Amino acid sequence: MKVQELVNIIGADFYTGVPDSQLKALCDYLMDTYGIDQKHHIIAANEGNCTALAAGYHLATGKVPVVYMQNSGEGNIINPVASLLNDKVCAIPVVFIVGWRGEPGVHDEPQHIYQGEVTIKLLEDMGIKTFAIGKDTTVEEVQSVMSEYKGILDSGKDVAFVIRKGALEYDNKVEYKNENAMVREDIIRHIVAVTGDDPIVSTTGKASRELFEIREANGQGHGHDFLTVGSMGHSSSIALGVAINKPEKKVWCVDGDGAVLMHMGSMALLGSNKPSNMVHVVINNGAHETVGGMPTVAGDIDLVGVAKSCGYPNAVCVDSFEALDAELQAAKSRNELSFIEVKCSIGARADLGRPTTTALENKINFMDTLKNS
């Protein structure tokens with residue numbers, strides 16, 4: 001169905017969420033219609049963040065907000081849904097729109113398989129009435145469901161539309177870009193050239209896919225890399241756990257701006273622990289590029305200032321390969337925690353592949369390499 005039809009049926013005037021490729025039609029429509037507008041549309045740092053924001057909207061207006069997200073974000077909403085929104089607590093009504101990655105019977109990446117299996121169950125266990133929209137779902141069916149949903153929302157309970165692959169359409173094409181010149185795959189190629197046999201923990205999305213393909217192109221193995229294909233926002237904490245327990249290794253985290261924003265508290269933990277053998281590289285293109293290119297707020301944030309305030313002893317921002325190479329070499333040679341923000345363009349190769357090894361194989365190879373090298 002056309003995304004405008006779903007929006008009209010729901011009838012809300014405030015949306016907040018975290019972008020998802022399964023919801024690209026909705027995200028593009030919202031960006032095309034509102035952009036980032038405090039009154040109508042805000043892209044949040046994580047799904048719990050936007051759930052709380054939606055609660056504030058309801059408290060201030062008495063209206064029902066919409067929260068959109070990929071199903072991988074359901075874990076982030078459990079606390080605010082159960083301890084804030086629930087009708088046994090504050091009875092705050094919210095319409096959730098959830099992209100169903102890993103739906104049983106539909107091929108998807110390994111990090112989505114289990115989440116896909118429990119998507120409906122998790123929502124229902126939280127007391128959220130759920131209806132799945134597919135390619136064949138009619139406007140009349142959704143109208144009928146929304147009529148039922150209005151009574152549920154009036155009672156202070158929450159509801160959800162779970163969106164199957166290809167269920168929503170939007171005809172307009174929205175272009176996302178910035179003014180940065182450096183390409184992420186080239187940035188990662190420069191990182192690989194400096195790290196040598198050091199372990200790398202890379203973040204969710206295209207960064208890990210590009211790292212995998214760079215190793216393939218170089219004729220290298222993949223044992224030095226842990227590809228955090230799921231668990232967005234946690235790669236730096238994974239790297240911290242490795243660095244603390246492998247003090248003889250220089251451990252690199254290749255992170256993204258959206259991931260850093262999602263769980264920024266990890267930077268405070270890193271700055272407090274100050275692992276002398278860790279380098280935290282944040283490739284900042286100000287976008288959720290892996291799921292379509294919708295903006296993050298990272299373009300407006302002084303990440304170097306955040307890192308310094310969190311206690312990182314070394315923090316810099318670079319926007320050229322000459323500066324990047326110099327800072328990578330300096331970070332490799334020093335015996336202190338380092339933070340490098342790299343300003344990056346939006347975009348990737350159209351033929352970018354995916355890792356050909358499984359997540360479990362990646363884990364085993366990485367652990368074996370750490371143990372034996």
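All residue numbers refer to positions in the sequence shown, counting from 1. Values in this document were obtained by computation on a predicted structure and should not be read as measured data. Just so it is clear, the values below take in all heavy atoms, side chains as well, and ignore hydrogens, waters and symmetry mates.
S237 approaches S266 most closely through the heavy-atom pair OG-CB, 3.4 Å. Scanning both residues, I346 and A287, for their nearest heavy atoms gives CD1-CB, 3.7 Å. When all heavy atoms of A160 and L123 are compared, the closest pair comes out as CB-CD1, 4.2 Å. When all heavy atoms of A348 and E210 are compared, the pair lying nearest together is CB-OE2, 3.8 Å. When all heavy atoms of S21 and R101 are compared, the pair lying nearest together is OG-NH1, 3.4 Å. Contact detail for D198 and H224: the closest heavy-atom pair is O-CB, 3.9 Å.
Put simply, CD1 on I364 and CE on M367 are 8.5 Å apart, with the number rounded to the nearest 0.5 Å. Atom CG of L168 sits about 12.5 Å away from atom NZ of K24, to the nearest 0.5 Å. In this structure, CD on Q70 lies 8.0 Å from CD on Q22, to the nearest 0.5 angstrom. Distance check, rounded to the nearest 0.5 Å: CD1 of I152 to CE of M146 gives 9.5 Å. One distance of note links CE of M1 with CD1 of I163; it measures 8.5 Å at 0.5 Å rounding. Once rounded to the nearest 0.5 Å, the distance linking NZ of K363 with CZ of F226 reads 9.0 Å.
Between E322 and S320, the side chains place no donor N or O within less than 3.5 Å of an acceptor N or O (distance only, hydrogens not considered). The closest side-chain donor-acceptor pair between H280 and D255 falls under 3.5 angstrom. In this structure, a donor-acceptor pair under 3.5 Å is present between the side chains of D28 and Y176. A donor-acceptor pair shorter than 3.5 Å cannot be found between the side chains of D13 and Y34. Defined by atom type and a distance below 3.5 Å, a donor-acceptor pair is missing between the side-chain atoms of N71 and Q115. Between D325 and H190, the side chains place a donor N or O and an acceptor N or O closer than 3.5 Å (distance only, hydrogens not considered). For the residue pair Y29/H41, the side-chain donor-acceptor check at 3.5 Å is not satisfied.
The backbone N or O of S202 lies less than 3.5 Å from a partner atom in the side chain of T228, making a donor-acceptor pair. No side-chain donor-acceptor contact under 3.5 Å links T33 to the backbone of L30. D158 places a side-chain N or O within 3.5 Å of a backbone atom of V94 that can act as its donor or acceptor partner. A donor-acceptor pair is defined here as one N or O able to donate and one able to accept, closer than 3.5 Å; no such pair exists between the side chain of S144 and the backbone of E141. Using a distance-only test at 3.5 Å, with no hydrogens or angles considered, no donor-acceptor pair links the side chain of S276 to the main chain of L337. Proximity of a side-chain donor or acceptor of N273 to a complementary backbone N or O of P275 within less than 3.5 Å is not detected. With hydrogens and angles disregarded, no donor-acceptor distance shorter than 3.5 Å links the side chain of D257 to the backbone of A298. For the pair N277 (side chain) and A243 (backbone), a donor-acceptor distance under 3.5 Å is present. A donor-acceptor contact shorter than 3.5 Å links the side chain of N46 to the backbone of M262. Side-chain atoms of R209 come within 3.5 Å of backbone N or O of G353 as a donor-acceptor pair.
Hydrophobic clustering places V7 together with Y68 (ILVMFWY residues linked when any side-chain heavy atoms are closer than 4.5 Å, directly or through intermediates). Side-chain heavy atoms closer than 4.5 Å link hydrophobic residues (I, L, V, M, F, W, Y) into clusters, and following such links, even through other members, never connects I10 to I128. Note on I188: it clusters hydrophobically with F321, by side-chain heavy-atom contacts below 4.5 Å among ILVMFWY residues. Note: the hydrophobic cluster containing I43 also contains L26 (ILVMFWY, side chain heavy atoms under 4.5 Å, direct or indirect links). Transitive grouping of hydrophobic side chains (ILVMFWY, heavy atoms separated by less than 4.5 Å) keeps I200 and L370 in distinct clusters.
Counting non-hydrogen atoms of neighbouring residues, nucleotides and ligands closer than 6.0 angstrom, the NZ atom of K274 exceeds 12 such neighbours. The environment of K206 atom NZ is dense: over 12 non-hydrogen atoms of other residues, nucleotides or ligands sit within 6.0 angstrom. Crowding of K249 atom NZ: a count of heavy atoms from other residues, nucleotides or ligands under 6.0 Å exceeding 12. Enclosure of atom NZ in K165 is not indicated, since only 12 or fewer non-hydrogen atoms of other residues, nucleotides or ligands lie within 6.0 angstrom. Counted within 6.0 Å of NZ on K2, heavy atoms from surrounding residues, nucleotides or ligands total more than 12; the atom is thus considered enclosed. Heavy atoms of other residues, nucleotides or ligands lying less than 6.0 angstrom from CD of E140 number more than 12. In the displayed structure, N172 atom CG is contacted under 6.0 Å by more than 12 heavy atoms of other residues, nucleotides or ligands.
Side-chain contact between V106 and D108 is absent, with no heavy atoms from C-beta onward closer than 4.5 Å. Annotation: side chain of Y170 is in contact with side chain of D32 (closest heavy-atom distance under 4.5 Å). Put simply, the side chain of K246 reaches to within 4.5 Å of the side chain of E248, judged on heavy atoms. Residues I187 and C344 are in side-chain contact: their nearest non-hydrogen atoms beyond the backbone lie under 4.5 Å apart. Contact annotation: the side chain of H263 never approaches that of S236 to less than 4.5 Å [non-hydrogen atoms, C-beta and beyond]. Side-chain atoms of H58 and F14, non-hydrogen and from C-beta on, never get closer than 4.5 Å to each other. Side-chain atoms of L227 and P355, non-hydrogen and from C-beta on, do get closer than 4.5 Å to each other. In this structure, the side chains of V229 and E109 stay at 4.5 Å or more apart for every pair of heavy atoms.
Note on ring orientation: taking the six-membered ring where Trp is involved, the planes of Y312 and F339 are perpendicular (angle over 60°, cut-offs 30° and 60°).
Checked against the 6.0 Å centroid criterion, the rings of Y149 and F131 do not qualify as a close aromatic pair.
Looking at E175 and K173, no side-chain N of the basic residue comes within less than 4.0 Å of a carboxylate O on the acidic one, giving no salt bridge. Salt-bridge formation is detected for the pair R189/D186: a Lys NZ or Arg NE/NH1/NH2 atom is positioned less than 4.0 Å from an Asp or Glu carboxylate oxygen.
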> Under the side chain to side chain contact (heavy atoms under 4.5 Å, CB included) criterion, do H222 and N365 qualify, and how do the steps go?
Replying inline: CA-CA 7 Å; H222 302 282; N365 291 337; 5.7 Å; no

